[in-house]
Amino acid sequence: MKQDDLFSVAQNTVADFSFDDAVADVFPDMLRRSIPGYENIIPMLGVLARVYAQDNTRVYDLGCSLGAATLSVHRQTRELSLEYICVDNSSAMIKRCESTLKRHMPTTSLKLICDDIQNVAIENASVVLLNFTLQFLPPETRLSLLKNIYQGLNSGGILILSEKLIDNDSEVNQLFIDWHHEFKRANGYSDLEISQKRASIENVLIPDTLQVHQRRLIEAGFFKTYQWFQAFNFSSLIALKQ
Ligand code: GEK
């Protein structure tokens with residue numbers, strides 16, 4: 001795994017974060033050392049898919065990056081006939097994702113799409129994954145994406161939504177940020193790397209509160225939401241279609 005040192009040298013102006021080749025090359029290491037719980041969430045996506053994936057349906061991985069979530073679901077649901085639709089608007093990610101998935105799931109029905117997840121029709125889905133992706137969409141477009149996912153899910157299907165959160169209570173919010181930065185220091189990032197990454201991502205990743213997510217999922221049509229995971233300000237929810 002190539003080490004992420006993209007923000008280790010002081011930059012005069014820090015550009016907005018983009019999912020380019022340089023990021024894709026170090027991405028597994030970046031996610032592992034930057035997202036508290038990422039390494040717990042990925043295998044659990046497969047476990048949850050064992051419960052909710054339905055035979056002869058589709059699994060959508062929206063914002064698939066290098067395909068870690070898809071691989072986890074596939075590992076746990078091999079006995080089912082599932083078609084995987086993996087979407088990402090970064091060509092650097094999709095290119096690498098395609099070669100990884102074709103190597104690990106050579107006989108599985110698989111479609112890789114390099115496009116905005118807002119342009120993708122969802123049909124005959126039993127599991128939809130939005131694993132740390134919704135936060136990158138303009139907030140005013142998020143409800144319409146969730147409505148599109150809801151209408152394309154079969155009855156009994158689920159959306160798994162993982163996100164970075166903010167909290168309305170500024171004290172709690174600051175604690176979460178401090179804990180998250182300590183997590184990054186514990187994983188070897190310097191203060192310079194932490195502050196430059198923060199400046200780079202701040203206009204790109206716009207987090208919501210847990211309550212906003214829960215309300216929006218219900219407004220999109222979902223029957224129930226369950227928060228099944230939280231580590232500091234990183235959380236994952238299941239939204240169930242009745
Ligand atoms: C994982 N799910 O390892 N349309 C398509 N893709 C997008 C869009 C968009 N509008 N916006 C962002 N992306 C993965 C991790 S990373 C999380 C997901 C992170 C893509 C973007 O190119 C990137 O690959 C991914 O969403 C977000 O389980 O970087 O924190």
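All ligand and atom numbering here is 1-based and tracks the order in the structure.
- A salt bridge links Arg96 and Asp21; the closest N-O separation between the charged side-chain nitrogens and carboxylate oxygens is under 4.0 Å.
- Considering Leu31, Asp88, Ile42 only, the shortest heavy-atom separation from atom 24 (O) of ligand 1 involves Asp88.
- If you look at Leu66 next to ligand 1, there are no close heavy atoms at all, none under 4.0 Å.
- Those atoms of ligand 1 that come under 4.0 Å of a heavy atom in Asn131, given as number and element, are 1 (C), 2 (N), 14 (C), 15 (C), 18 (C), 28 (O).
- Heavy-atom proximity to atom 13 (N) of ligand 1, evaluated over Val23, Val204, Asn89, is greatest for Asn89.
- Comparing heavy-atom distances from atom 29 (O) of ligand 1 across Phe19, Phe132, Phe17, Tyr38 singles out Phe19 as nearest.
- Classification of the Tyr38-Phe132 ring pair by plane angle, with boundaries at 30° and 60°, yields tilted.
- In terms of protein heavy atoms, atom 14 (C) of ligand 1 is closest to Gly63 O, 3.4 Å.
- The protein heavy atom nearest to atom 25 (C) of ligand 1 is Ser65 OG, 3.4 Å.
- Considering CG of Asp88 and SG of Cys64, their distance stands at 4.5 Å, rounded to 0.5 Å.
- Taking the six-membered ring for Trp and thresholds of 30 and 60 degrees, Phe232 and Phe183 have ring planes more than 60 degrees apart, a perpendicular arrangement.
- Defined by atom type and a distance below 3.5 Å, a donor-acceptor pair is present between the side-chain atoms of Asp116 and Gln118.
- A side-chain contact (heavy atoms from CB on, under 4.5 Å) with Tyr84 is found for exactly one of Asp61, Val73, Leu101, namely Val73.
- Counting only heavy atoms of the protein, atom 4 (N) of ligand 1 lies nearest to Ile117 N, 3.0 Å.
- For atom 10 (N) of ligand 1, the nearest non-hydrogen atom from the set Asp116, Leu130, Ile113 belongs to Asp116.
- No donor-acceptor pair under 3.5 Å is formed between the side chain of Thr77 and the backbone N or O of Leu80.
- Distances below 4.0 Å separate heavy atoms of Met93 from the following atoms of ligand 1: 24 (O).
- Here the heavy atom of the protein found nearest to atom 12 (C) of ligand 1 is Phe136 CB, 3.7 Å.
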Stepwise side-chain contact (heavy atoms from CB on, under 4.5 Å) check, Tyr150 with Glu219: CA-CA 10 Å; Tyr150 177 80; Glu219 195 181 342; over 6 Å; no

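- Those atoms of ligand 1 that come under 4.0 Å of a heavy atom in Ser90, given as number and element, are 22 (O).
- The ligand atoms of ligand 1 that sit less than 4.0 angstrom from a heavy atom of Asp115 are 4 (N), 5 (C).
- Counting heavy atoms under 4.0 Å from ligand 1, residue Phe27 touches it through the side chain alone.
- Rounding to the nearest 0.5 Å places CG of Leu159 at 4.5 Å from CZ of Phe222.
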